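Beneath this line is the structure, given in structure tokens, with notes to follow.
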Amino acid sequence: MYSFQTGAGKRKNKQTVRILSVVIFVLVIALAGVTFSYVRVSGVSRATHEALMARATSETNEAQSAVYRLTQSSGTNTMTLLANVRSHIYALQCLNTLASNIYGAGTIIVDNSMLSACITTLDAAEQRLQAGSVLTESMTELRDEVDAIVALFAGIE
């Protein structure tokens with residue numbers, strides 16, 4: 001006939017409980033690791049964002065300062081000041097590229113159309129300067145465009 005072992009069911013239950021305990025323990029450790037990693041990466045991402053925004057704010061303020069020096073310039077260093085403004089606008093374009101590479105396509109710090117308008121105005125001002133024309137209108141337009149970019153960062157500081 002059939003022989004039954006006494007306590008076989010209890011041993012199997014104990015073994016199942018042990019296995020489940022080990023699995024739960026491993027899952028808790030894994031969850032703690034993932035949580036720690038997420039918190040750490042979140043902090044790094046926040047720091048990166050703050051650094052990008054601080055640099056963008058600095059570049060816009062420097063561009064504005066250069067534009068105002070340009071409008072007060074006597075004309076001897078106008079080309080140098082135009083190049084200085086161009087370098088700050090270019091730096092903002094680079095920051096846009098960095099933000100897009102870090103956070104994904106479509107992420108920008110400054111609207112590309114605003115930066116393109118500044119570049120177009122700078123090109124026109126340089127052409128007028130080389131032709132010996134008056135730059136008053138170009139400088140006013142450039143100042144307004146840079147002031148609009150600076151206004152984007154007014155509440156961030």
Side-chain angles (χ1 to χ4, degrees), residues 18-157:
R18 282 186 197 138
I19 291 173
L20 284 176
S21 297
V22 169
V23 168
I24 290 172
F25 179 73
V26 168
L27 289 175
V28 167
I29 297 294
L31 180 62
V34 168
T35 302
F36 175 75
S37 296
Y38 175 77
V39 168
R40 187 166 174 240
V41 167
S42 176
V44 169
S45 178
R46 190 175 323 114
T48 303
H49 176 74
E50 289 172 1
L52 284 172
M53 294 308 288
R55 184 65 184 183
T57 302
S58 173
E59 290 296 336
T60 57
N61 289 336
E62 290 294 324
Q64 185 181 41
S65 176
V67 165
Y68 279 97
R69 282 193 313 265
L70 185 60
T71 58
Q72 298 167 355
S73 170
S74 63
T76 56
N77 61 351
T78 302
M79 190 59 90
T80 303
L81 289 171
L82 283 171
N84 192 3
V85 173
R86 184 181 295 277
S87 71
H88 294 297
I89 299 301
Y90 178 71
L92 288 169
Q93 288 176 323
C94 289
L95 289 172
N96 269 352
T97 302
L98 276 173
S100 179
N101 288 339
I102 292 170
Y103 299 111
T107 303
I108 58 170
I109 295 173
V110 179
D111 186 16
N112 286 321
S113 64
M114 295 175 87
L115 298 175
S116 295
C118 288
I119 295 294
T120 302
T121 304
L122 284 166
D123 291 342
E126 287 173 354
Q127 288 174 354
R128 292 180 67 114
L129 182 65
Q130 291 174 355
S133 301
V134 178
L135 298 177
T136 307
E137 184 179 312
S138 295
M139 294 304 102
T140 302
E141 186 178 341
L142 183 60
R143 185 191 67 222
D144 292 344
E145 290 167 352
V146 170
D147 284 346
I149 294 172
V150 170
L152 295 173
F153 294 94
I156 291 177
E157 299 177 76

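In this text, all values refer to a predicted model and were calculated from it rather than measured experimentally.
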Report all side-chain donor-acceptor pairs from residues 128-137 shorter than 3.5 Å, counting only partners two or more places apart or in another chain.
from, atom 1, to, atom 2, distance (Å)
Arg128, NE, Val134, O, 3.1
Arg128, NH2, Val134, O, 2.8

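- Interatomic distance, CE of Met53 versus CD1 of Ile109, reported as 6.0 Å (0.5 Å rounding).
- Nearest heavy atoms, Asn96 versus Val110: ND2-O, 2.6 Å.
- The two residues Ser138 and Ala125 make their nearest non-hydrogen contact at CB-CB, 3.9 Å.
- Between Leu95 and Tyr90, the closest side-chain pair of non-hydrogen atoms is not below 4.5 Å.
- Between Val146 and Thr60, the shortest heavy-atom distance links the atoms CG1-O, 4.4 Å.
- With contacts defined as side-chain heavy-atom distances shorter than 4.5 Å, the pair Leu70/Leu142 qualifies.
- Taking each heavy atom of Leu92 and Ile149 in turn, the nearest pair found is CD1-CG2, 4.3 Å.
- Pairs passing the salt bridge (charged side-chain N to carboxylate O under 4.0 Å, His left out) check and including a residue from residues 50-68, sequence neighbours excluded, read Arg55-Glu59.
- Across all their heavy atoms, Glu145 and Ala117 have their closest contact at OE1-O, 3.3 Å.
- Partners of Glu126 by salt bridge (Lys or Arg N to Asp or Glu O under 4.0 Å), not counting sequence neighbours, listed by chain and number: Arg86.
- The two residues Tyr103 and His49 make their nearest non-hydrogen contact at OH-N, 3.1 Å.
- Leu82 pairs in a side-chain contact (heavy atoms from CB on, under 4.5 Å) with only one of the listed residues (Leu122, Val67, Asp123), which is Leu122.
- With a 4.5 Å cut-off on side-chain heavy atoms, Ser87 and Asn84 count as touching.
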